[in-house]
Every structure is written in structure tokens, then in C-alpha cells.
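Presented below is the structure to which this report refers.
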There are 2 protein chains.
Amino acid sequence: MATIYEVSRLAGVSLATVSRVVNNSDRVSARTREKVQAAMKELDYRPNSIAQSLATNRTNCVGVLVSELHGPVFGAMVSSIEKVLREAGKIAIFATGHNDRAKEEKGVEFLIDRSCDALILHIEALSDEFLQKCQASGAPLVFINRSIEGMEDHCIVLDNEHGGYLATKALLDLGHRQIAYIAGPLELGDARARLEGHKRALAEYGLAPDPALETVGDYHEAGGSRAMGELLDSGQAFTGVVCANDEMAAGAMSVIRSRGFSIPEDLSIVGFDNARWARYLYPRLTTVDYPVDQMGQMAGRWVLQNVYGLEGDPVQRAFRPELVVRESARAIGGDA
Amino acid sequence: MATIYEVSRLAGVSLATVSRVVNNSDRVSARTREKVQAAMKELDYRPNSIAQSLATNRTNCVGVLVSELHGPVFGAMVSSIEKVLREAGKIAIFATGHNDRAKEEKGVEFLIDRSCDALILHIEALSDEFLQKCQASGAPLVFINRSIEGMEDHCIVLDNEHGGYLATKALLDLGHRQIAYIAGPLELGDARARLEGHKRALAEYGLAPDPALETVGDYHEAGGSRAMGELLDSGQAFTGVVCANDEMAAGAMSVIRSRGFSIPEDLSIVGFDNARWARYLYPRLTTVDYPVDQMGQMAGRWVLQNVYGLEGDPVQRAFRPELVVRESARAIGGDA
DNA sequence: GTCGTTAGTGTAAGCGCTTTCATCCTGCAG
DNA sequence: CTGCAGGATGAAAGCGCTTACACTAACGAC
């Protein structure tokens with residue numbers, strides 16, 4: 001691999017001049033520029049990004065910490081973040097936290113150790129204090145789906161409470177009054193918020209939340225199945241169920257079917273996230289859309305603008321989910 | 001951020017000594033080591049990885065180029081690669097090629113420019129020559145799902161032909177004789193191989209491939225829907241259909257249902273990939289398992305062993321897909 | 001003709017680390 | 001007491017780049 005030195009020799013100029021044309025900044029005479037470019041071409045010169053980083057103290061790397069790298073939500077998030085960063089010539093490096101305190105800390109440290117210029121974090125377990133300290137001592141931080149006290153303008157958030165409200169309201173509007181709820185793990189803020197929304201919708205219709213109709217899952221298929229099984233076993237009557245995410249809804253649907261009920265004739269179901277495959281289910285799942293692509297994009301854009309000083313469209317920080325009506329929920333007493 | 005220099009001063013030793021304890025190599029007396037470690041701790045010293053890379057010419061970065069970052073196949077692949085690399089303290093950086101020649105080239109260059117120690121590539125459009133040249137001039141290359149002439153030992157491959165064979169054979173074994181096929185884009189090697197396998201299975205049962213039952217999709221839901229629509233419109237009789245991937249199978253299932261047929265009573269369907277959500281479909285999709293996690297893991301392990309010289313379990317380079325029997329295909333004339 | 005400008009270029013000092021080689025002890029054999 | 005081996009440490013030269021600063025022409029104004 002040719003170095004800048006060899007280019008400078010071949011072109012008969014100094015290192016500084018070559019560096020100038022590489023960073024096509026500064027004024028370099030047209031003649032010199034051409035000479036240098038010719039030399040670079042001849043040697044197939046490519047700047048060593050490591051050396052550049054050391055000299056400039058800029059790595060052009062953005063660290064991204066998410067719970068998982070794949071799955072309907074995080075896969076899409078990661079993908080959109082990488083895309084917007086890449087288009088600006090920046091590079092994303094990833095770490096996973098699995099909603100675990102220790103792993104999240106390790107992940108953050110890992111990314112900081114790699115000298116990232118900024119960090120995009122989707123985390124659950126780390127305390128506000130830890131994060132404020134990180135921020136103080138190092139790279140700028142952006143948060144997805146979490147609001148940190150005093151750093152609100154670094155947070156790209158989803159109104160999960162509103163989403164939970166919409167999901168349950170969808171069933172209420174269809175005439176359902178006995179509505180079961182399968183929550184996500186309540187140590188997670190979004191799971192709590194979605195549940196709150198559910199309760200607000202009930203309240204709006206003058207219904208008291210019935211603890212017997214409220215179960216907690218794990219955001220995974222297995223938890224959804226288990227929870228659904230318990231609800232069905234409990235003997236409680238209900239005509240609809242809302243699940244705090246699509247994955248659990250998929251698990252619940254299997255169980256409902258395996259018990260001989262049909263959807264939506266016997267039971268309506270509503271999910272949350274609008275996973276790409278939610279419309280592959282049968283019946284196609286009515287759910288709440290989590291605009292995860294957009295939120296990822298905004299996180300990337302925030303970094304581009306606030307860290308790298310690039311221009312661009314404004315960053316939208318707050319998102320409201322919307323209901324996606326499909327066929328898994330229908331009016332009670334509707335023509336079945 | 002403290003530098004090695006400050007540590008050396010505080011500990012009262014030279015830079016070289018600090019470096020030695022950091023890389024806990026070489027013989028350093030216990031007393032000195034302790035002094036240095038104390039100083040590091042006091043200053044909260046963390047080595048600057050960029051400077052280390054520059055000095056050692058090792059970045060500990062592995063570039064990964066895939067078609068997409070998300071989706072059932074690539075999401076899982078990326079995730080497992082990142083995991084195995086991370087556990088060894090290496091870092092993965094990603095680029096996407098979208099099966100497009102120009103984008104794949106750009107992606108490879110991008111990764112090379114970042115001084116990756118090795119590249120893991122899942123590519124379609126680049127020629128063998130281009131790749132051989134890359135290999136010659138730079139970082140070691142590993143390929144997933146592609147066999148390159150002369151570099152077979154760098155290739156982690158899936159026997160797609162066998163997979164295609166299994167999918168079709170599953171229907172044949174169930175008594176089906178009129179079997180439609182929805183292929184992936186035929187510019188992709190795996191799509192061609194799966195189709196070949198399909199034909200081999202037919203031949204094994206003494207059946208000639210019927211061009212009227214063979215359509216080409218795009219590996220996406222939309223293409224599956226379109227292709228299924230065409231097959232149904234054509235008026236050709238068939239009792240089963242195999243799709244070259246699950247995504248198209250999902251699209252096909254919607255169309256089948258929307259035309260008033262039921263699965264598997266009227267039509268059996270088999271997919272390929274065993275996407276995580278394939279078992280969420282109704283009926284749960286019979287499909288061919290693409291052991292994408294394992295293959296990603298092997299690619300990572302290959303790098304760990306061959307590039308970084310780490311020990312580890314042997315690398316399995318060739319994989320055979322297996323049939324996953326669920327409910328979307330049933331015996332012809334079976335109790336419906 | 002002189003002088004101040006200024007565009008264009010070069011010099012050299014880092015960036016924070018690794019690593020070769022030389023140096024310095026310490027201890028032990030003779 | 002001398003000499004020497006060998007372990008522990010330090011000095012210093014890079015790794016490939018950027019950039020502050022110095023320098024040189026060339027040019028116009030006076």
C-alpha cells in the first residue's frame with residue numbers, strides 16, 4: 001500500500017501538499033493538484049484511515065448499542081441507522097446490550113474504547129446518572145426510545161403510552177368491553193408505557209382495569225403463548241386481547257387456534273410494532289406501527305448534524321405511533 | 001483522556017514499560033507491574049485503539065458485506081457474525097451490497113479503506129477475478145454462500161441444490177405430482193441451484209419439468225404474490241407449490257387464500273430458509289432450513305483462526321439444509 | 001524601485017502507541 | 001574479586017497522516 005510519502009516523492013511535492021489535495025481543502029494550484037492526482041492514481045494511493053484518525057482525532061465511527069442486532073424492530077433500526085450514516089461516509093459499529101445492565105455497560109465501554117465520535121443508544125438498564133456521566137466525559141450521546149432527564153434534545157422518542165392507548169381503543173371502538181392484555185416485561189419502560197395507555201383507554205370508556213385480564217409476557221413468542229394459555233385457562237371471559245408486541249401476538253395466535261378458537265370470529269387480537277411479517281399472519285394482524293426506520297434515521301441524522309456539522313433536514317425527535325387496521329380484530333357481534 | 005505518557009510519569013517508569021503491562025506480554029517485574037496498574041487505575045487510563053492500530057498495523061476490525069442488514073436471513077447472519085467476533089474482542093463493521101455490482105464493489109472498497117484485518121463477504125454480483133485480485137492485494141477474504149474457484153477453503157457454503165431437492169421431494173413423497181415452482185431471481189446463484197434441485201427431484205420421480213409450472217419471483221413477498229397470481233391465472237392444474245424462499249411463500253399464501261383456496265387442503269406449499277416467522281404463519285410453513293446462524297458463526301471463526309491465529313473448534317465449511325416439516329403441506333388425498 | 005500582500009508550498013512537530021536495541025543491574029560461577 | 005549471563009528497563013525510531021508556521025515568489029500600489 002502506497003503511503004503519502006511515496007506519492008509526494010513521485011509528484012515532486014511535499015507531504016503537506018499531498019495531504020492538502022487529499023482533503024481537497026486549502027488552496028493548491030491547479031497544476032500541482034493535477035500532478036499529485038496523477039501520482040495518486042499511478043500508485044493507487046488510498047489514505048490510511050487509521051493514521052488520519054490519529055492525526056485528526058476523528059474516527060468517523062459512530063457506535064450503536066441496541067438490545068439485539070436482528071428481529072423485526074432492531075433489525076430495521078440498525079439497518080436504517082447504518083444507511084443514513086453510510087451515505088454520509090460515516091461508519092457504524094454495533095454492540096448489543098440484551099437489556100442487561102452489565103452487558104449494556106460493557107457495550108458502551110467497548111464503543112467508547114473504539115474512539116467513536118458519537119454513540120447512538122437504545123438501552124434499558126443503564127441509569128440516567130451513568131449516562132449523564134458518559135456524556136460528560138466523552139462522545140456525544142443520542143438515545144432512541146428513552147427520555148433522559150436534562151438531555152431531552154438528545155432523545156428520539158416514541159409515544160408508547162399513546163400506542164398502547166390506540167391498540168386498546170381499537171378494540172373498544174369495535175364494541176369490545178372485556179379486553180385482555182399481555183404486557184411486555186415490566187422492567188422495560190416501553191412495556192410499562194404501553195400498559196398505561198391500555199389502562200387510559202379503558203378508563204376513557206368507563207372501564208376499570210381487571211387484574212385477572214392482565215398478564216405479563218417477555219416480548220417473545222414463547223411468552224405470548226404462555227400468557228395466552230394462562231388467560232384461556234383462567235376461565236375469565238374476554239372477547240379481545242391486545243399484545244404489547246407482535247411477536248407475542250404471533251405466539252398468542254397459535255395458542256388461540258390450537259384451543260379451537262378462531263380469529264377474529266371468537267377472539268380479536270391486536271399487536272404492537274408492525275413487524276414486517278405482521279401482514280403475513282393469518283388473519284393479517286391489526287397492530288400499532290412503530291416507525292422504527294424513521295427513528296433510526298433521525299438518530300443518524302442527529303449525529304450527522306450535531307457532531308459532524310453537516311447540513312440536512314431537521315431532526316424529528318418525537319414520534320406518535322399509528323394504528324394499522326387489518327383483519328385480526330373485528331366488531332363484536334359483527335357478521336361472522 | 002489519559003495517555004500512556006501520563007501513566008508512565010505517574011508510575012515513574014518509561015513508556016515502553018507501560019506498553020508492556022498493557023499488552024501483558026514480556027517480562028515485567030511484579031513490583032513494576034503493580035505500580036503501573038495502580039497508575040492506570042488512578043488515571044482511568046484506556047489505551048487509544050487508533051494509536052495501537054497505527055503502531056501494530058492491526059485494527060481488530062473485520063469487514064462484513066451482505067446484501068442487506070436485516071431480514072430473516074441476513075439479520076440472523078449479521079447477528080451471529082457480530083457475536084462470535086465480539087466474543088473474541090474483534091469488531092465487525094458492515095456494508096451492504098444489495099446484490100448490485102457497483103454497490104458491492106463500493107462496499108468492498110469501503111471496508112478495505114477502513115483497514116479491516118479481514119473481510120467476510122456475501123456477494124452475488126462480483127466476478128471471481130475481481131475477488132481473487134482483492135485477495136491478492138489485501139486482507140484475507142471469506143465467502144458465505146459462494147464458492148470461488150481456487151479459494152474453496154475460504155468459502156462457507158450451503159448446498160442449495162440439495163435444499164431445492166428436499167423441498168420438492170417433500171411434496172413428491174406426499175403424493176403430489178403436479179408441482180409448481182416459484183424461483184428466486186435467476187441471476188442469483190442460490191436461486192439457480194435451488195431450481196436445479198427442484199428439477200432433480202422431479203426427474204427422480206420420472207417427471208419432466210413443466211415450463212408452465214415454473215415462474216420466477218424476486219425473493220420478496222410481492223414477487224411471490226405476483227407469481228402465485230400468474231400460476232393461478234394460467235389455469236394450469238397443480239396441487240402443490242414450492243417457493244424458493246419463505247418471503248415469497250408468505251406472499252403466495254395470501255394470494256392463494258384470497259382466491260378462496262385453503263392450505264393445505266386445496267394446495268400444499270413449501271418454503272425455503274426457515275425464517276423465524278415461518279412458524280407464525282397459518283398453517284405453519286413447511287420449509288427448508290438454512291442454517292444461517294451456524295454459517296455466520298463459521299465465517300467468524302474462520303477469521304479468528306486464520307487471521308488472528310486464535311485456537312478454536314474446527315470450521316465447518318459445507319452445510320446441508322434440512323427439511324422442516326410443519327403443516328403447510330399434506331399428503332394428496334389425505335383426510336381433508 | 002521598494003514594500004506590503006498574498007497565494008502556493010515546504011518544514012517539522014505532533015497524534016498515542018509499539019518495538020528494537022542498548023543499557024543497567026543483580027547474582028552467581030570461577 | 002572479576003567476569004558474565006540474563007532479566008528488567010529505558011531511549012528512540014517509527015506507524016502514516018495533519019497542520020501550524022515559515023518561507024518564497026509574484027504582483028500591485030506607491
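Every chain is numbered from 1, with letters handed out A, B, ... down the list of sequences.
As rounded to whole Å, 11 Å separates atom P of C:dC17 from atom CG of A:Asp113.
A perpendicular orientation is assigned to the rings of A:Phe74 and A:His122, their planes being inclined by more than 60° (bins at 30° and 60°).
Each end of the helix from C:dG1-D:dC30 to C:dG30-D:dC1 gets its own axis from five base pairs, and the two axes differ in direction by 60°, given to 10 degrees.
No side-chain donor from either of A:Ser49 and B:Asp113 sits under 3.5 Å from a side-chain acceptor of the other. Between A:Tyr219 and A:Asp190, the side chains place a donor N or O and an acceptor N or O closer than 3.5 Å (distance only, hydrogens not considered).
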In B/S/- notation, 5' to 3', how is nucleotides 10-17 of chain D contacted by protein heavy atoms closer than 4.0 Å? BB--BBBB
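Ion pairing between B:Asp100 and B:Lys106 fails under the 4.0 Å rule for side-chain N and carboxylate O.
Judged purely by atom type and a 3.5 angstrom limit, A:Gln316 uses its side chain to pair as donor or acceptor with the backbone of A:Ala318. Judged by distance alone, the side chain of A:Thr96 and the main-chain N or O of A:His98 form no donor-acceptor pair under 3.5 Å. For A:Glu129 (side chain) and A:Ser127 (main-chain N/O), no donor-acceptor pair under 3.5 Å exists by modelled atom type.
Annotation for B:Glu187: atom CD counts as buried by contact number, over 12 foreign heavy atoms lying within 6.0 Å.
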